[in-house]
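All remarks here apply to the structure that follows.
These values consider heavy atoms only, across backbone and side chains, with no hydrogens, waters or symmetry-generated copies.
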Amino acid sequence: MPRQARYSLIELDTEQHLASLATEVRSGLSSTPKRIPCRFFYDDAGSKLFEKICELPDYYLTRAEREILQHRAEEIASRFSEPIALVELGSGSSTKTRLLIDALLQCHSALFYTPVDISASILEESALELLGDYEGLEIRAIAGEYQEGLRRLQLETERPKLLIWLGSSIGNLDRAAAGRFMSVLRRSMQAADRLLVGIDLRKDTEVLERAYDDSDGVTALFNKNLLVRINRELGADFDVEAFDFRATYDELRGTVESHLVSRQDQIVTIKELDLRVSVRVDETIHTESSFKYSLREIDSLAKTADLELTARWLDSQERFSLNLFAAAPSAASK
């Protein structure tokens with residue numbers, strides 16, 4: 001069957017997403033300290049920059065997670081006795097996902113894959129590449145934010161699901177919000193479904209700060225692209241070069257904090273919001289928190305969300321974890 005016949009793309013409300021950007025920028029830049037939510041990193045340019053970050057020597061997360069999948073994908077696939085729907089949150093280019101697709105198609109001749117990502121162009125590009133490589137694959141991509149995608153997903157398939165959330169994206173939520181979102185995921189699961197989550201582990205400060213502030217400046221460009229996007233979509237006049245980038249690890253809280261730092265006093269006008277923002281020299285705009293977990297904290301997170309840990313795998317250097325969850329018996333019976 002031709003690739004196009006096995007592919008469809010559902011684009012959710014992009015106008016709503018733009019309205020959300022406007023609301024968050026107005027609120028965040030009017031606050032003290034200033035902030036811009038990290039979910040707005042991923043326009044087309046931001047998604048491509050993040051793919052570059054994933055291949056940087058000091059960004060160990062991608063290699064560690066890929067190592068686990070290389071060794072465990074067949075084991076994960078063997079846990080399902082029939083063809084399933086593979087659902088991926090924040091799929092990006094689906095590079096690591098190929099390891100699971102390979103394993104699942106070896107176990108079963110067919111696979112229904114639903115990648116959910118904010119970038120429609122990245123979804124289409126990666127989907128057409130995958131369909132060219134795998135004849136037994138059918139893809140229904142959803143361009144939108146996670147929760148919108150999950151709501152739509154309930155209408156798309158009745159097959160058992162393997163939900164995957166890779167790359168330690170869970171770390172972008174504070175611990176309370178992570179628990180709430182894991183509960184949302186659990187409520188979307190039936191008894192036969194499973195949830196596979198990549199979670200980065202607490203480790204040495206130097207290792208973490210190198211990973212999140214690379215010497216090539218790619219992560220700095222990724223963060224500054226937020227300002228480029230606000231200039232383009234909201235008519236702002238940020239001088240992108242008037243900001244530096246800084247990432248520091250708070251060991252007590254277990255989080256890497258990323259900020260854009262103003263190099264001078266400046267006034268920024270955002271036409272679409274009819275807003276003028278004063279930014280002082282050395283003032284920061286918070287762009288991202290990346291929470292790290294101990295194994296005990298992961299267990300606590302699962303308990304909070306009524307999830308049961310069925311398997312856990314670490315890479316050879318014990319830097320990163322892949323965690324397989326099922327709905328806890330009490331939750332599955334409700």
Ala328 backbone acceptor or donor facing Asp306 side chain under 3.5 Å: no
Pair Arg35, Ser27: side-chain N/O donor-acceptor within cut-off below 3.5 Å: yes
Main-chain N/O of Pro33 paired with Ser31 side-chain donor or acceptor, under 3.5 Å: no
Min side-chain heavy-atom separation Leu185-Leu307 under 4.5 Å: no
Leu196 CG to Leu166 CG distance, which is reported to the nearest 0.5 Å: 6.0 Å
Shortest non-hydrogen contact between Thr310 and Phe325, atoms and distance: OG1-N, 4.2 Å
Nearest non-hydrogen partners of Ile122 and Ser47, listed with the distance: CG1-CB, 3.8 Å
Crowding at NZ, Lys52 (>12 non-hydrogen neighbours, <6.0 Å): no
Side-chain heavy atoms of Thr97 within contact of Leu86, under 4.5 Å: yes
Val281 with Ile285, same ILVMFWY side-chain cluster at under 4.5 Å: no
Any side-chain donor near an acceptor of the partner, Arg140 and Thr114, under 3.5 Å: no
Arg63 bridged to Glu67 by N-O distance under 4.0 Å: no
Interatomic spacing from CD1 in Ile230 to CG in Leu21 - rounded to 0.5 Å: 6.0 Å
Check: Asp200 main-chain N/O paired with Ser168 side-chain donor or acceptor under 3.5 Å: yes
Side-chain (His71) to main-chain (Ala73) donor-acceptor, under 3.5 angstrom: no
Expected output: side-chain Lys224 to main-chain Phe243 donor-acceptor under 3.5 Å: yes
Residue pair Asn225, Phe40: steps toward the side-chain contact (heavy atoms from CB on, under 4.5 Å) verdict: CA-CA 10 Å; Asn225 185 61; Phe40 297 113; over 6 Å; no
Heavy-atom side-chain contact between Leu162 and Ile76 under 4.5 Å: yes
Heavy-atom pair of closest approach, residues Arg175 and Gly254: NH2-O, 3.4 Å
Val279 vs Lys34 side-chain heavy atoms within contact, under 4.5 Å: yes
Separation between CD of Glu241 and CG of Leu227, rounded to the nearest 0.5 Å: 10.0 Å
Evaluation steps, side-chain contact (heavy atoms from CB on, under 4.5 Å), between Thr248 and Val256: CA-CA 5 Å; Thr248 56; Val256 179; over 6 Å; no
Heavy-atom side-chain proximity of Leu195 to Arg186 below 4.5 angstrom: no
Within one Ile-Leu-Val-Met-Phe-Trp-Tyr cluster: Val261 and Phe222, side-chain cutoff 4.5 Å: no
Beyond-backbone contact of Leu29 with Ile270, side-chain heavy atoms, under 4.5 angstrom: yes
Spatial distance of atom CZ (Phe50) from atom CD (Glu55) [nearest 0.5 Å]: 10.5 Å
Side chain proximity check, Met189 to Lys161, heavy atoms < 4.5 angstrom: no
Pairs involving residues 101-113, ordered by first then second residue, that meet side-chain hydrogen bond (donor to acceptor under 3.5 Å, both in side chains) (sequence neighbours left out): Glu88-Tyr113, Ser94-Tyr113, Asp102-Tyr134
Full working for salt bridge (Lys or Arg N to Asp or Glu O under 4.0 Å) between Asp299 and Arg312: CA-CA 11 Å; Asp299 294 342; Arg312 171 184 287 142; 2.7 Å; yes
Exceeds 12 heavy-atom contacts within 6.0 angstrom, atom CD of Glu251: no
Asp213 backbone acceptor or donor facing Arg246 side chain under 3.5 Å: no
Salt bridge (charged side-chain N to carboxylate O under 4.0 Å, His left out): pairs with one or both residues in residues 259-278, sequence neighbours excluded: Asp244-Arg263
Side chains of Arg39 and Ser20, donor plus acceptor under 3.5 Å: yes
Ser119-Asp117 side chain donor-acceptor pair, cut-off 3.5 Å: no
Worked check of side-chain contact (heavy atoms from CB on, under 4.5 Å) between Arg66 and Phe320: CA-CA 10 Å; Arg66 185 183 292 128; Phe320 195 92; over 6 Å; no
Intermediate values then yes/no, side-chain contact (heavy atoms from CB on, under 4.5 Å), Trp313 and Glu75: CA-CA 11 Å; Trp313 304 281; Glu75 180 182 343; 3.6 Å; yes
Flag, side chain of Ser300 to backbone of Arg296, donor-acceptor distance under 3.5 Å: no
Short N-O contact, Arg232 and Asp43, less than 4.0 angstrom: yes
Arg229 to Tyr42, cation-pi by 6.0 Å centre distance and 45° axis angle: no
Shortest non-hydrogen contact between Gly167 and Leu61, atoms and distance: O-CD2, 4.2 Å
Nearest-0.5 Å distance that lies between atom CD1 in Ile139 and atom CG in Leu123: 9.5 Å
Nearest heavy atoms of Ser188 and Asp193, plus distance in Å: O-OD2, 4.0 Å
Flag side-chain contact, heavy atom, 4.5 Å: Asp174 against Thr255: no
Atom pair CZ (Phe41) and OG (Ser258), whose distance is rounded to the nearest 0.5 Å: 6.5 Å
Taking every non-hydrogen atom, the tightest pair across Leu131 and Leu137: CD2-O, 3.3 Å
Other residues, nucleotides, ligands: >12 heavy atoms within 6.0 Å of Gln266 CD: yes
With Trp165, the side chain to side chain contact (heavy atoms under 4.5 Å, CB included) member among Ile170, Ile199, Val87: Ile170
